[in-house]
Amino acid sequence: VLPTLNEQVVINAVRLGLALNCRINQTSIFARKHYFYPDLPKGYQITQFDQPIIIGGYVEINLNNEKHKVRVARAHLEEDAGKLTHPSGADYSLVDLNRAGTPLLEIVSEADMHSAQEARAYAQELYILMRYADVSEGDLYHGNMRFDVNVSVSSSNKLGVRTETKNLNSFKSVEKAVEYEIARQIELLKNGNVVTQETRGWDDAKQKTFSQYWPAGTLAGDAQAIICDDPDTVFKAAVVTAAGTATIASASSLLVGANMAGNTSTGSTATGDSAGGVVAASSSTGNFRVLGLVPDTQIASSATYVSGTG
């Protein structure tokens, strides 16, 4: 059964776009975002990529009796994933799939906030606008509204390496998570260390962020997300061992995601660090390292597969 678009979701998105002073696209397109994660059992998410329903816009916040304008880059419709719970001290995680597949509108701001207080004020203003536009109950406790905060520090006007702390469910946690990340990143740089671009979580009891990094060598740690707008494409992951190589059969329609390495020439092996069409990379220890997914028809017959169809 093919997915069917929820009409009321589109109406709500338009209402919120107007509340955010955005431009409503007359045409928006859904795509498939392929990635491996336990809260997404079917292996891909229905989302919007290059043609979202809402673009541009701004939110005005009031901080210390001064008005600040935070630009909204875009807002796109997608389906929600499940909820992961990580019990303290346990060597396992729990997944609740009850909300998987429900409609979600993700609002993406520009990097116009420069303090934890501004981030909190922005989150609060978004909440007010969503309630005023009557597009969500805004129940933070039950996850009707969640926040992901991207933080980077820099000694110049150029943005530094960012981290993303996901699924914050209160205005206070937004403020405290940003405060903690700013202090943590500054301390790292002062000590001559580097900030790792990664996804982090928030421990409310400890009032600190923690890494949600999957170690290299695991499928979740090495696989990258890709976007595809063709529902009939079959994907496989090709891997390389120290004993063999996998090559790209054709470069005409490689579908790859962010942070992919390699080049797109026919017959190329997956090496290098430029944006392009990586299939996989070899390891000196002979371990598998999955770096990306490509259409099944674009992988040479000599390649080894680890994921089946997706």
Side-chain angles (χ1 to χ4, degrees), residues 6 8-9 12-13 15-17 19-20 22 33 35 37-41 45-49 52-54 57 59 61 70 72-87 93-113 116-151 162-181 198-213 225:
N6 185 320
Q8 188 59 47
V9 168
N12 287 352
R15 290 169 65 95
L16 184 59
L20 297 177
C22 293
K33 180 180 179 182
Y35 64 94
Y37 210 70
D39 62 3
L40 198 70
Q45 180 187 39
I46 299 172
T47 185
Q48 294 183 320
F49 181 51
I53 191 168
I54 297 169
V59 172
I61 61 175
V70 178
V72 173
R74 55 182 278 152
H76 55 269
L77 288 169
E78 61 186 21
E79 60 175 329
D80 206 348
K83 179 181 179 181
L84 286 174
T85 303
H86 312 284
S93 296
L94 304 173
V95 59
D96 181 353
L97 297 175
N98 281 295
R99 75 182 187 197
T102 58
L104 179 72
L105 182 71
E106 181 169 315
I107 303 166
V108 182
S109 76
E110 299 284 4
D112 292 339
M113 292 161 278
Q117 293 72 34
E118 283 183 89
R120 175 173 182 156
Y122 171 72
Q124 290 174 319
E125 188 62 28
L126 274 182
Y127 172 84
I128 293 171
L129 290 171
M130 289 218 309
R131 296 295 295 121
Y132 179 78
D134 195 26
V135 299
S136 172
E137 293 180 359
D139 187 335
L140 299 177
Y141 180 79
H142 288 102
N144 293 159
M145 187 175 183
R146 307 189 300 274
F147 306 98
D148 300 340
V149 295
N150 288 265
V151 177
R162 65 176 175 84
T163 63
E164 182 178 31
T165 305
K166 296 185 71 68
N167 292 320
L168 302 169
N169 65 352
S170 72
F171 305 129
K172 182 179 179 181
S173 64
V174 168
E175 182 177 14
K176 293 301 181 182
V178 172
E179 281 182 355
Y180 182 87
E181 268 304 291
E198 61 179 347
T199 300
R200 299 181 69 85
W202 173 248
D203 189 322
D204 203 49
K206 296 180 180 179
Q207 291 288 288
K208 60 189 298 185
T209 65
F210 61 90
S211 176
Q212 293 183 330
Y213 171 68

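In what follows, residues are counted from 1 in the order of the sequence shown.
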* Asked: Which atoms form the tightest heavy-atom contact between Leu40 and Ala81, and what is the distance?
  -> CD1-CB, 4.3 Å
* Could you tell me whether the side chain of Leu126 reaches within less than 4.5 Å of the side chain of Met145, counting heavy atoms only? => yes
* If the plane angle is over 60° it's perpendicular, under 30° parallel, otherwise tilted; pick one for Phe171 and Tyr127. => perpendicular
* What's the spacing between Leu77 CG and Leu104 CG if we round to 0.5 Å? -> 8.5 Å
* **Nearest atoms (heavy-atom pairs only) where Glu164 meets Arg162** => CB-NH1, 4.3 Å
* Asked: When rounded to the nearest 0.5 angstrom, what is the spacing between CH2 in Trp202 and CG in Leu168?
  -> 8.0 Å
* State, to 0.1 Å, how close Ser170 and Leu140 come at their nearest heavy-atom pair, and which atoms those are. => CA-CD1, 4.2 Å
* Without swapping roles, check the side chain of Arg74 against the backbone of Phe49 for a donor-acceptor pair under 3.5 Å. => yes
* To do: Rounded to the nearest 0.5 Å, what's the gap from CZ on Phe147 to OG on Ser109? Could you check?
  => 11.5 Å
* Could you tell me whether Lys33 and Glu78 make a salt bridge, using a distance below 4.0 angstrom between a side-chain N and a carboxylate O? => no
* After noting the C-alpha distance and the side-chain angles of Leu16 and Ile107, does the key distance pass the side-chain contact (heavy atoms from CB on, under 4.5 Å) rule? -> CA-CA 10 Å; Leu16 184 59; Ile107 303 166; 3.7 Å; yes
* Separation of Thr163 OG1 from Glu198 CD (nearest 0.5 Å) -> 7.0 Å
* Structure fact -> Closest non-hydrogen atoms of Ile54 and Cys22, given as atom of the first, atom of the second and distance, are CG2-CB, 3.2 Å
* Are more than 12 heavy atoms from other residues, nucleotides or ligands located less than 6.0 Å from atom OH of Tyr132? -> no
* Asked: If you measure only the distance, is there a donor-acceptor pair under 3.5 Å linking the side chains of Glu181 and Thr165?
  -> no
* Asked: Any side-chain heavy atom of Leu20 sitting closer than 4.5 Å to one from Leu129?
  -> yes
* **Heavy-atom pair of closest approach, residues Gly82 and Arg99** => O-NH2, 3.4 Å
* Results of side-chain hydrogen bond (donor to acceptor under 3.5 Å, both in side chains) for Ser93 - residues two or more places apart only -> His86
* Looking only at heavy atoms, what is the nearest atom pair of Asp204 and Gln207, with distance? -> O-NE2, 2.8 Å
* Asked: Which residue pairs pass the salt bridge (charged side-chain N to carboxylate O under 4.0 Å, His left out) test with at least one member in residues 117-128, sequence neighbours excluded?
  -> Arg120-Glu175
* How long is the span from the CG atom in Leu84 to the CD atom in Gln212, to the nearest 0.5 Å? -> 8.5 Å
* Asked: Quick one: does Asp80's side chain have a donor or acceptor within less than 3.5 Å of a partner on Ala100's backbone?
  -> no
* Asked: Do Asp148 and Asn167 have side-chain heavy atoms sitting under 4.5 Å apart?
  -> yes
* To do: Sorted by first residue and then second, give each salt bridge (charged side-chain N to carboxylate O under 4.0 Å, His left out) pair with at least one member in residues 127-141; sequence neighbours left out.
  => none
* Asked: What's the spacing between Gln45 CD and Glu79 CD if we round to 0.5 Å?
  -> 6.0 Å
